[in-house]
Amino acid sequence: MQKLTILQYPDPRLHTVAKPVSVVDDRVRALVAAMFDTMYEANGVGLAATQVDVHERIIVMDTSEERNRPLVLINPEIVRRSEDSKEWEEGCLSVPGIYDTITRPASVRVRALDAQGEVFELDADGLTAVCIQHEMDHLLGKVFVDYLSPLKRSRIKTKMLKRQRQAA
């Protein structure tokens, strides 16, 4: 089991836009395995490579109750968003202990490569749709707190910096 270090907000590296993966090879598959180990160890449902300071378009997730349906999205793109939206309380491994309500499209269709480099499409709703959109935001250099008011963002930043100083 290889555990990677998850960047903590407000680390500026979280705002780096990820580059496409040019080839799905053993290096990428090893990164995917390490990302799953890290995500499961942290009790998360999704993790973007950006969060572990690798700025490539890779997402791992598992929104199943049993934690037995791992999903890999390499170079994901949303090809359809529903017109209707849904509010969902979101949290983030890069902003531990902070949760807030975010409104996103209720369902999406995503096209991506799997860990073998094969193209697939997935229709998702509920937590899976939220997770896909949340993790894809990371690939664009966006953290869920960026959707919140400047005042809330400022308070969260202050709280996170204080925690980081206390942990050091």
Side-chain angles (χ1 to χ4, degrees), residues 1-4 6-7 9 13-95 99-148:
M1 175 191 260
Q2 182 186 1
K3 187 166 183 256
L4 304 168
I6 299 172
L7 299 177
Y9 182 82
R13 293 172 290 179
L14 288 168
H15 297 291
T16 304
V17 176
K19 296 192 174 4
V21 173
S22 56
V23 60
V24 179
D25 56 12
D26 288 342
R27 179 194 66 82
V28 170
R29 284 186 280 277
L31 174 61
V32 164
M35 287 173 64
F36 272 119
D37 287 346
T38 303
M39 180 193 76
Y40 286 128
E41 175 77 19
N43 292 317
V45 296
L47 185 67
T50 301
Q51 292 176 271
V52 294
D53 202 21
V54 176
H55 303 286
E56 295 180 81
R57 295 183 56 77
I58 302 170
I59 293 169
V60 299
M61 45 189 286
D62 186 344
T63 56
S64 67
E65 289 283 327
E66 304 80 18
R67 314 293 282 152
N68 63 356
R69 280 186 288 184
L71 177 63
V72 177
L73 301 171
I74 299 172
N75 296 338
E77 61 178 299
I78 294 178
V79 294
R80 186 191 56 74
R81 290 175 172 81
S82 65
E83 301 263 336
D84 56 322
S85 58
K86 182 167 171 107
E87 287 187 343
W88 203 277
E89 187 175 74
E90 293 187 29
C92 181
L93 294 176
S94 291
V95 195
Y99 300 89
D100 214 312
T101 303
I102 307 294
T103 302
R104 297 188 184 269
S107 65
V108 295
R109 173 176 290 152
V110 64
R111 179 182 303 128
L113 302 176
D114 64 17
Q116 284 65 49
E118 300 295 322
V119 176
F120 73 98
E121 287 192 8
L122 173 72
D123 288 315
D125 59 12
L127 178 58
T128 302
V130 170
C131 189
I132 288 168
Q133 294 172 84
H134 176 109
E135 300 308 331
M136 286 187 67
D137 277 350
H138 279 298
L139 300 180
L140 298 172
K142 193 168 189 173
V143 181
F144 90 99
V145 297
D146 294 336
Y147 288 100
L148 305 178

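Values in this document were obtained by computation on a predicted structure and should not be read as measured data.
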Check your understanding: Does Asn75 have any side-chain contact (heavy atoms from CB on, under 4.5 Å) partners at least two apart in sequence or in another chain, and if so, which?
Key ->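 Only Pro20, Val21, Arg57, Leu113 meet the side-chain contact (heavy atoms from CB on, under 4.5 Å) criterion with Asn75.
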
Exercise for review: Measure the acute angle between the ring planes of His134 and His138, then classify it against the limits of 30° and 60° as parallel, tilted or perpendicular.
Suggested key: perpendicular

Which atom pair, heavy atoms only, marks the closest approach of [X] to [Y]?
X	Y	answer
Leu47	Met35	O-CE, 3.3 Å
Ser107	Ala129	CA-CB, 4.1 Å
Arg69	Asp62	N-OD2, 3.1 Å
Val60	Met39	O-SD, 3.8 Å
Ala49	Leu139	N-CD2, 4.5 Å

Check your understanding: So does Glu89 have more than 12 non-hydrogen atoms from other groups sitting under 6.0 Å from CD?
Key -> yes

Point to revise | Glu65 atom CD, over 12 foreign heavy atoms within 6.0 Å | key: no

Practice item. To the nearest 0.5 angstrom, please state how far the CD1 atom of Ile132 sits from the CG atom of Asp125. Key: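 Going from the CD1 atom of Ile132 to the CG atom of Asp125 covers 9.5 Å.
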
Check your understanding: Counting distance only, does the side-chain N/O of Asp114 pair as donor-acceptor with the main-chain N or O of Val72 below 3.5 Å?
Key -> no

Check your understanding: Do any pairs count as a side-chain hydrogen bond (donor to acceptor under 3.5 Å, both in side chains) and have a residue in residues 139-148, sequence neighbours left out, and if so which ones?
Key -> Asp137-Tyr147

